[in-house]
Structure formats: C-alpha cells, structure tokens
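One structure is given below, encoded as structure tokens.
Naming: A, B, ... by sequence-line order, numbering from 1 per chain.
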There are 2 protein chains.
Amino acid sequence: MSCAEEYTPKLRARGYRMTSQRLAILHVLHHSGGHLSPAEVYEQAHLQVPGLTETTVYRTLDFLAENGLARPAHMGSGRLVYEIARHEHHHLKCRTCGTEMEVEHALLKSMYQKLESESGYKLTDSHLTFFGLCPNCQKGD
Amino acid sequence: MSCAEEYTPKLRARGYRMTSQRLAILHVLHHSGGHLSPAEVYEQAHLQVPGLTETTVYRTLDFLAENGLARPAHMGSGRLVYEIARHEHHHLKCRTCGTEMEVEHALLKSMYQKLESESGYKLTDSHLTFFGLCPNCQKGD
DNA sequence: TTCCTTATTGCAACTTTTGGCAATAATATG
DNA sequence: CATATTATTGCCAAAAGTTGCAATAAGGAA
Ligand SMILES: [Mn+2]
Ligand SMILES: [Mn+2]
Ligand SMILES: [Zn+2]
Ligand SMILES: [Zn+2]
C-alpha cells in the first residue's frame, strides 16, 4: 500500500486535506522509520516538492503529531525530532555515550494503569525517553 | 539558610565557581518554586544583576541542570522550562484544558526498577510529563 | 468539468536559542 | 594583600523556530 493510500483517508476522516507537501513529508517519515529532525525532513522532502519551505515542514510535523500520524520525541538535544506513528514504544538513552534502545510500551502498561487509577487522568501519549547509564558506561563509572 | 550558603558549596564541590549571575538565577528558581522559562528567569534575575544577558541565562540553566541543581521539563509547549531541584516528581498534564498535577516519583519507583532490570541501564533522570485527559475533560469527551 | 469555499502554503518579519571569541572576574597561591 | 590561572560572562552573529497575512490549491457541489 502506498503512502497516499495509507494516509489520505486518515486525514480525510478528520476533515483535513492531503497535499503534495504532506504526502512528501509522510513519505520521508514512513521510509526512514527513525527519528528525524525538521531539518532532515526538509532536506529530503524538498527533493520531491521543490517549492516546499521549512515553515511548512515545522507546521506539518506539528500537525501530523497533533493528529496521531507522527510522534514527537525529546531525545536530549533540546530539539524535537519526529517519527512515523507505528507501534507504541519508549526509549532509553545513555547520558554518557548516547547509546539508545527501544522499550515496548507493554512493559510500562501496568504503571500507566496505576497512574490513571491514582490520578483520574486518562493517559493518551506514550513516547517517552528515559535517561541513564548504559551497561557499558556503568563499568567506567 | 541563604541561597548563597546553600548552593555555593555544591558548585565548589564540583570544581565550579559561584558568580553573581548564577546566584541570582538560583535565587529566582528557588523562590519561585515552579517551572520557569528562560525568559521569565531572565526578566527577574536581570533586576538583581543588571548586566545579565539572556545568553548567560540559557547557559546557566543548562549548567545547573547538568549539575543537578535545576531540573528541565518539557511541558508540551515545545520549549524547555526549569525548576529548582527538590523532591523527585513527575507531571500529568491535560491535553485539552492544560490542568496539571504532580505525581510523586515513589509511584513509578517499581516501574523504574523493572526498566532497569530488563534493560541493564541505570536510570538517572526522573522528571517526566505524561499527557492525557483530566477527569473533567473526559466527561465532555 | 467548472465553480466555490476555505484549508493550506509561501513569504517575510520576528522571536528564541546557540556558538565563537575576547574581556572579565572568581579563587587559589605566595 | 598582590598576582596568576582559567572558569565564566558579554557581545556579536548565526541558526532554529514561530507568526500574520495574502496567494494558492484541495475537494465538495453543481
Ligand atoms: Mn521512537
Ligand atoms: Mn516539576
Ligand atoms: Zn553508555
Ligand atoms: Zn482537562
């Protein structure tokens, strides 16, 4: 299934329009798979849609996140990165060497439920980054 | 105990210097208690140290966070805010109305331990923001 | 297909944040 | 207290991100 076929209906269902800019950006996110900065998204999507501006990239990434097609992440650089929304997961990142690993959301499920029952809130988002020391960097202290 | 008496030794112990700029910024964070943006910190600290620049505020907040005297937080605006480091806690924030509440770190302790044992990482930071719907906003759906 | 409505984009100005480098000032030492 | 060392700051310029508004184009209706 093409990106257009996959994502257009999701936007239409919410009353939004598919545009060449949005499609190009979704395409970049979809085929990269990883976390991309707005600048990286722009650099690639720009090739498909020459007139594309960085302003539109910022607005579109925010829009896609707002509508559940992309997920924003704070990976410690102080700047937001984005990825296509697929399986629910979180990240562990080493403060020393930067090594990352993914953690399935399932592992935190019960904690989320405890948080919900204690607070009365219904938690929606789930794409956190936990910082610490990786096994290797613990040795060197 | 004054801010100077409280924080100077902590910096010295790590080989750093106490300056009028750092003291003013610590003072602002300490007596506010809440989350402040760099601009808010600048606005207040500036009154005590007229020559203070925004550049220094950014650098100092980052420095204080790096050294455990302040904690950065992503509260959903896309911009970092900071607070003085006191008890360990996290935040719940409503996507709809913005209402926030604090959650003691103790509530997540066992999940942190599970994460550590599963991953081998030693988790250091703990100041997360969970997003969702508050009890009130769930009614209106 | 053509027309109409309005969501979306590009542009330009503006705000926020970062980085290099020389001047300044905290603190250790004599 | 005077001097030396170097961490820290201010200044300036650049990079990253945001906003208002007029022009454009997606998609529904005729
Ligand atoms: Mn991710
Ligand atoms: Mn907090
Ligand atoms: Zn590591
Ligand atoms: Zn609410």
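There is no side-chain donor-acceptor pair under 3.5 Å between B:E100 and B:H35. B:S126 and B:E88 share a donor-acceptor pair across their side chains, judged by distance under 3.5 Å alone. Under 3.5 Å, the side chains of B:Q44 and B:H31 contain no donor-acceptor pair of N or O atoms. Between the side chains of A:Y112 and A:H105, no donor-acceptor pair is found at a separation under 3.5 Å.
In this structure, A:L52 atom CG and C:dT9 atom P are separated by 9 Å, rounded to whole Å. For the pair B:F63 CZ and D:dT8 C1', the computed distance is 9 Å after rounding to whole Å. Rounded to an integer number of Å, the gap from CG of B:L64 to P of D:dT8 is 11 Å. The CG-C1' distance, from A:L23 to D:dA25, rounds to 15 Å in whole Å. Rounded to a whole Å, the CD atom of B:E54 is 12 Å from the P atom of D:dC11. Nucleotide D:dT9 holds its C1' atom 14 Å from the NE2 atom of B:H46, rounded to whole Å. Atom pair A:E66:CD and C:dA7:P shows a separation of 16 Å (rounding to whole Å applied). Atom CD1 in B:I25 sits roughly 12 Å away from atom C1' in D:dT8 (whole-Å rounding).
Contact annotation: A:Y58 side-chain N/O to D:dG17 OP1/OP2 distance is under 4.0 Å. Proximity of A:T56 to the phosphate of C:dG10: a side-chain N or O atom is located under 4.0 Å from OP1 or OP2.
Ion pairing between B:R71 and B:D125 fails under the 4.0 Å rule for side-chain N and carboxylate O.
Of the residues in residues 67-85 of chain B, B:R79 come within less than 4.0 Å of DNA chain C through at least one heavy atom, sorted by number. Non-hydrogen atoms lying under 4.0 Å from DNA chain D are contributed by B:Y16, B:R17, B:T19, B:Q21, B:R22, all within residues 1-22 of chain B.
Counting heavy-atom neighbours within 6.0 Å of A:E43 CD, excluding the residue itself, gives a total of 12 or less.
Aromatic ring centres of B:Y16 and B:F63 lie closer together than 6.0 Å. Within the 6.0 Å centre-distance limit, the rings of A:H127 and A:H89 are counted as a close aromatic pair.
Note: B:H91 NE2 to B:F131 CZ = 10.5 Å, rounded to the nearest 0.5 Å.
Heavy-atom distances to DNA chain C give each of A:G51 and B:A39 a nearest nucleotide, and the one nearer the 5′ end belongs to A:G51.
No donor-acceptor contact under 3.5 Å links the side chain of A:R59 to the base of D:dG17.
The side chain of B:T55 sits closest to D:dC12 out of D:dC12, C:dC21, C:dG10.
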